[in-house]
Amino acid sequence: MQDKQDKRRSFQEAQQSFKQVNDAFFAIEKTAPNYGAELNHVKQEVNEAYQQIQSALTTASEHQREQLRQFEQDIQEIVNEVNSDSY
């Protein structure tokens, strides 16, 4: 029973980290005076989310694993956009 709860908690933490990346990314205003601080916040959230996802992958069910991989892909798209010349 504890093992199942640990798996669920680990997945939920990864899911929450993914949400925080999205929230931070979509809150950025390129013209805001604190743009650099906002961008650093996104980078920090990305690093934390990747750590949470990697941790969750070690115990995830197959269905959760698919969702975690999708989180990784979505985060990578955000990273690519932030690193692109147009951003």
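Distance CZ/Phe25 to CD1/Ile75: 12.0 Å, rounded to 0.5 Å. With rounding to the nearest 0.5 Å, the separation of CD in Glu29 from CG in Asn34 is 8.0 Å. Rounded to the nearest 0.5 Å, atoms NE2 (His41) and CG (Leu39) are 11.0 Å apart. Between the OG atom of Ser10 and the CD atom of Gln5 there is a distance of 13.5 Å, given to the nearest 0.5 Å. To the nearest 0.5 Å, atoms CD1 (Ile78) and NZ (Lys43) are separated by 14.0 Å. Distance check: Ser17 OG to Phe71 CZ gives 10.0 Å after rounding to the nearest 0.5 Å.
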(message) Please evaluate residues Gln54 and Glu72 with respect to the criterion side-chain hydrogen bond (donor to acceptor under 3.5 Å, both in side chains), reporting the C-alpha separation (whole Å), side-chain torsions for both, the decisive distance (0.1 Å), and the verdict.
(response) CA-CA 9 Å; Gln54 292 306 309; Glu72 282 183 318; 2.5 Å; yes
(request) Apply side-chain hydrogen bond (donor to acceptor under 3.5 Å, both in side chains) to the pair Gln76 and Asn80, showing each step before the final yes or no. (result) CA-CA 6 Å; Gln76 186 58 51; Asn80 291 345; 2.8 Å; yes
(request) Kindly indicate, with the supporting measurements, whether the criterion side-chain contact (heavy atoms from CB on, under 4.5 Å) is fulfilled by Gln67 and Gln70. (result) CA-CA 5 Å; Gln67 289 180 294; Gln70 186 61 53; 5.6 Å; no
(message) Could you walk me through whether Gln44 and Glu48 satisfy the side-chain hydrogen bond (donor to acceptor under 3.5 Å, both in side chains) test, starting with their C-alpha distance in whole Å, then the side-chain angles of each, then the deciding distance to 0.1 Å, before giving a yes or no?
(response) CA-CA 6 Å; Gln44 179 182 352; Glu48 290 175 14; 3.2 Å; yes
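Nearest approach of Tyr35 to Lys30, heavy atoms of both residues: CD1-CA, 3.5 Å. Residue Lys7 comes nearest to Gln64 through the heavy atom pair O-NE2, 4.3 Å, listed as atom of the first residue, atom of the second, then distance. Ala14 and Leu68 get closest at one heavy-atom pair: CB-CD2, 3.6 Å. Contact record, Glu38 with Ala27: OE1-O, 4.0 Å, taken as the closest heavy-atom pair.
Using a 4.0 Å cut-off between charged side-chain N and carboxylate O, Arg69 and Glu66 make no salt bridge.
Asp6 is not listed as a side-chain neighbour of Thr59, based on a closest heavy-atom distance of 4.5 Å or more.
The main-chain N or O of Gln52 is never found under 3.5 Å from a side-chain atom of Ser55 such that the two would form a donor-acceptor pair.
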